[in-house]
Amino acid sequence: MEYNFKEIEQRWQQRWREQQLYKVSNNSDKPKYYVLDMFPYPSGAGLHVGHPLGYIASDIYSRYKRLCGYNVLHPMGFDAYGLPAEQYAIQTGQHPEITTEKNITRYKEQLSKIGFCYDWNREVRTCDPQYYKWTQWVFQKLFNSFYCRECNTACDISELVDWFKEHGTDKIGALGSEELHFTADEWNAMSEKEQQQVLMNYRLAYLADTKVNWCPALGTVLANDEVSEGLSVRGGHPVEQRVMRQWNLRVSAYAQRLLDGLDKIDWTDALKDTQRNWIGRSEGAEMQFRLAGTDDYFTIFTTRADTVFGVTFMVLAPESEYVQQVVTAEHRQEVDEYLNWVRHRTERERISDRKVTGVFTGSYAVNPLTEKNIPIYISDYVLSGYGTGAIMAVPAHDSRDYAFAKHFNLPIIPLIEGADVSEQSFDAKEGVMMNSGFLNGMQVKDAIAAMKRYIKEKGIGKVKVNYRLRDAIFSRQRYWGEPFPVYYKDGMPYMIPEQCLPLQLPEVSDFKPTQTGEPPLGNAAIWAWSEAEKKVVAKERIDNRTVFPLELCTMPGFAGSSAYYLRYMDPTNNEALVSKSANDYWKQVDLYLGGSEHATGHLIYSRFWNKFLFDIGVVCEDEPFKKLINQGMIQGRSNFVYRYIGEEATGNLYISYNLIENPEYKGKVQPIHVDVNIVKNDILDIQAFRSWMPEYKDAQFVYADGSTDVDNPYWGAATDKQYICGWAIEKMSKSMFNVVNPDDMVERYGADTLRLYEMFLGPLEMSKPWDTNGIDGVHRFLKKLWNQCENIVDEDPTAEELKSLHKLIKKVTWDIENFSFNTSIPAFMIAQNELSKCSKRAILEPFAVLLAPYAPHIAEEIYHRCGQTSSVCDAEWPKLNEAYLVESMQKYPVQFNGKVRFTIEVPKDTSKEEVERAVMQHEDTPRFLNGATPKKVIVVQGRIVNIVL
RNA sequence: GCGGCAUUGGCGUAAUUGGUAGCCGCGCCAGACUUAGGAUCUGGUGACGCAAGUCGUGUAGGUUCGAGUCCUAUAUGCCGCACCA
């Protein structure tokens, strides 16, 4: 009978739906296991064949865990807020809600065809008010919290208020943007607004004038991880720096905990390194330098305290607050010109053009150790956002300072013995100190420690740890996002009452930003907050006494994705983000699968968000994702034809790829992308090409063998000749005609084949190109298996058959537990081949269970042919019996992986002959050898390691 | 510049972790069945050699009885961070 995958797959998918087979309960005696995929953003283009890779892997693992007796949570949802939907709305006038809904429907349709075991009852969508209610709720909690350095946890802001009432800022443990100083009396005398301004300095979600990445093309600000090389990650538009009043999240407060937490979780080293890098902890010292001729000091940060004796000048960032204090009258004009020039440079210019620039301020600082006066410069190579925005320059041992010193002809004092600084600086932290007073003769490492002690004793500085991690900018000047549950009274933000959440996204007349430069929510007619009525009312009613303006920005994409894994635990709860009992049961995500592109975005924010929720007692685990695997990207594999563009070219002639280097064609061909769907194994389907696009209707070819149909009026007859296409690995994209759609694959080969083939392509974590050639191989395997299962009989299996089965059990179990899914498919093929004559129930039933995670539809079918009435999903994972392997080895010794390995002890210096004799006499030997003579015995100093038969 | 990962037949890859390198698949070659095949089945397929055999995991060294696997350099490619003091 033919393998009718379409019928089988549809029938089973329907039955799974009807029986709610994948519905998961929060009450179970079974141990829990939580497998999560990073939920997709439903774009208009639909899924391509690369998207399901991770989903298939997680589905295999989920199904395996279920077969092993776990209660497995494996949900799916949609990250539905975001820029593309809104930009589409601006272009077409369609409401993003409608397009998003349409895209989600399409995604679900595509996903369901592949046969995933999601519990769709738990689906979440970030744009659903019942979902974003809790995003807004967490935001309010962040607003009402501060970070306590002493207890290392987030605390309620009311505790801080109580402290201020009693003690002012004395012995304050709260972490703030700036260090403030006031007494209890001063606090109590402050107005409501003044107090609110002070508290803003400590809140975990706070409003501040921040230097932001402003993207004019997108009309919004972007977070650091959304910008790369001065361009927006989405769309690649230029980004400029601007100071704007924005919501921020005090992620930096959690820098150390985010770093420490990495040691407790099972992520790859690569990903942990990326996060460590992003957090960027560096230990150093803050030092005070006196401004010459005054009693004013300013503070710098350095990791090379040992090099103070080599400081020959100072540099301030252009934005540094010290600048105005330091610049002298005669240098003011020059400095202002420079500052102006710097301000008008875009981020991109600054990155691409790194020539040395700077200006002298006219002032001098005093080196605290040499007591010498050193000039103070301003230069944009010093960043205002890191450390204190001021540095001490050590040109001999820092390449940037070196370049600056050379340019301005400043002295360079080497501090390390043997370091040649005539051509370049010596940046390595190694060697013996010289020219450094009491540090002379010390190793660099010891010198750093000694200097830190020294500056602490002398009171000229202190040990300090700095982090590169900045606070996250949390405002977006866009429509399609979560509204802030915030209104403004007297210029200060206030939270709308918790019981009024969610604050629903209003209708607007236009999604574009308003002409006044306000975000699109400025177009909403009904967008004001009535304190008395506790509800949203018409904007025209704003009087700033009882009715107040609401916040016009929306939250960024990462807001909704930061806690979605918690919502799956308890998706319909209207009383809490997640109930205590649900959270206690599911705890944290055991296995998280997704792309590594989220390493410094979502995966940092989510950990921050979770740690905060842990601090305030909402969740019981400090880390959200116990184990994380990054699946590789699937790239496209494009095909090309080569149009002849030499003299006498008609623009109609295409040269076979193998000929394009020939002298007559070399340099005279132009590669043109051709649809990969009309190419097989790099051979072009001539007829399909001619009808692909009108311009190729009369295409003529020089074929692989050099023959041509240029002069052949009946070129249609030449289709038995081969035209070879070139190929390249590129991003999968419509414009390159290399997009392969999973629906097409399911249509042609079935979901089971697609699932197997995606795993077969290579290791999960590796990036690899999609190449449809080769899918036939795994499809053939399923067809053969299908035919083998036509008439299943109840006979006792032979030892050989049991051996094949148990070999497979061992292999597949090991593979899944080690996420080595690609190596299971060869094992299945070998086993099928070995068992091709076998149609016994006792073999095929466990075989079906082993196959079920990979190819669930055909596995169900085989399982039922074996007489089972329940789903294969509720079967038990086959038990491995090594005895079958050993027992069969006695009968078929040579067949056990072709290799037998065991160890026996023999005295040292035993000759090879004696060893061989010892092997033959060893009690284990007969079992393996069965009378045969070993072909080769490998002896290792007193031990036998290998016996080859 | 710093950090991470990779490099094995014509191609994707495997080698359970230091033990016969190349499993499985694609492609290719040969054969079978076909009126026919972009169908199916069987066999072969790292290189050199008629052969026995020799050589082979980017390159060069090292550790080891034994290295694709460990160490040290080096080259190439990919990824992340980057004027972070």
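Each chain gets a letter, A, B and so on, in the order the sequences are listed, and its residues count up from 1.
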May I ask you to say whether [X] pairs ionically with [Y], meaning some side-chain N is under 4.0 Å from a carboxylate O?
X      : Y      : value
A:K406 : A:D401 : no
A:R276 : A:D273 : yes
A:E834 : A:K807 : yes
A:D776 : A:R780 : no

Selected nucleotide, minimal atom distance to [X] side chain, candidates [options]:
X      : options             : result
A:D380 : B:U16, B:C83, B:A85 : B:C83
A:T823 : B:U16, B:G38, B:A14 : B:A14
A:F301 : B:C81, B:U17, B:A85 : B:A85
A:Y381 : B:C26, B:C24, B:C83 : B:C83
A:M829 : B:A14, B:G25, B:U40 : B:G25

Rounded to whole angstrom, note down the [atom1] distance from [N] over to [M].
N     : M     : atom1 : value
B:G38 : B:C28 : C1'   : 16 Å
B:A51 : B:G62 : P     : 34 Å
B:A21 : B:G66 : C1'   : 14 Å
B:U57 : B:G1  : P     : 30 Å
B:A75 : B:G27 : C1'   : 30 Å
B:G56 : B:U74 : P     : 25 Å
B:G18 : B:U69 : C1'   : 7 Å
B:C48 : B:U35 : C1'   : 44 Å

Using whole Å, report how far [atom1] of [X] lies from [atom2] of [N].
X      : N     : atom1 : atom2 : value
A:R281 : B:G3  : CZ    : C1'   : 18 Å
A:Y749 : B:C26 : OH    : P     : 12 Å
A:N787 : B:C41 : CG    : P     : 9 Å
A:F426 : B:A85 : CZ    : P     : 18 Å
A:F689 : B:G38 : CZ    : P     : 21 Å
A:D776 : B:C26 : CG    : C1'   : 9 Å
A:Q687 : B:G37 : CD    : P     : 18 Å
A:H779 : B:U40 : NE2   : C1'   : 13 Å

I need the residues from residues 269-279 of chain A with at least one non-hydrogen atom less than 4.0 Å from RNA chain B; give them sorted by number, or say none.
A:A270, A:D273, A:T274, A:N277, A:W278

Quick one, which residues of residues 760-771 of chain A touch RNA chain B with a heavy atom under 4.0 Å?
A:F760, A:L761, A:P763, A:M766

Can you give the dot-bracket line for RNA chain B, where a pair is Watson-Crick or G-U wobble with both atom distances under 3.5 Å, crossing pairs use [ ], and | marks a partner on another strand?
(((((((..(((......[....)))((((((.......))))))(((....)))..(((((..]....))))))))))))....

Should the side chain of A:K810 and the base of B:U16 be counted as holding a donor-acceptor pair, with the cut-off at 3.5 Å?
no

RNA chain B: 5'-proximal contact among A:D815 and A:A827 (nearest heavy atom):
A:D815

Identify, between A:K355 and A:D685, the residue whose nearest nucleotide on RNA chain B lies closer to the 5' end.
A:D685

Is the phosphate of [N] approached by [X] (side-chain N or O, under 4.0 Å from OP1 or OP2)?
X      : N     : value
A:R780 : B:U40 : yes
A:N822 : B:A14 : yes
A:Y757 : B:G25 : no

Quick one: ring-ring contact (aromatic ring centres under 6.0 Å, His included) partners of [X], sequence neighbours excluded?
X      : result
A:Y61  : A:Y33, A:F819
A:W814 : none
A:Y381 : A:F404
A:Y3   : A:F5, A:H779, A:W786

Using the test side chain to side chain donor-acceptor pair (under 3.5 Å), find all partners of [X] that sit at least two apart in sequence or belong to another chain.
X      : answer
A:T388 : none
A:N773 : A:N681, A:D771
A:T210 : A:N248

Considering every strand and a 4.0 Å limit on heavy-atom distances, what is the contact class for [X]: base, sugar-phosphate, or nothing?
X      : result
A:V394 : nothing
A:R470 : base
A:T268 : nothing
A:I830 : sugar-phosphate

Would you say A:E2 has more than 12 foreign heavy atoms packed within less than 6.0 Å of its CD?
no

Quick one: do A:R748 and A:D744 satisfy salt bridge (charged side-chain N to carboxylate O under 4.0 Å, His left out)? Show the steps, please.
CA-CA 6 Å; A:R748 274 162 66 190; A:D744 291 348; over 6 Å; no

Would you please name every residue forming a salt bridge (charged side-chain N to carboxylate O under 4.0 Å, His left out) with A:E817, sequence neighbours left out?
none

Per the glycosidic torsion and the 90° limit around 0, nucleotide B:G37 is anti

For B:U57, does the glycosidic angle fall within 90° of 0 (syn) or outside that (anti)?
anti

Only counting residues at least two apart or in another chain, list the ones meeting side-chain contact (heavy atoms from CB on, under 4.5 Å) with A:D427.
A:S399, A:S425

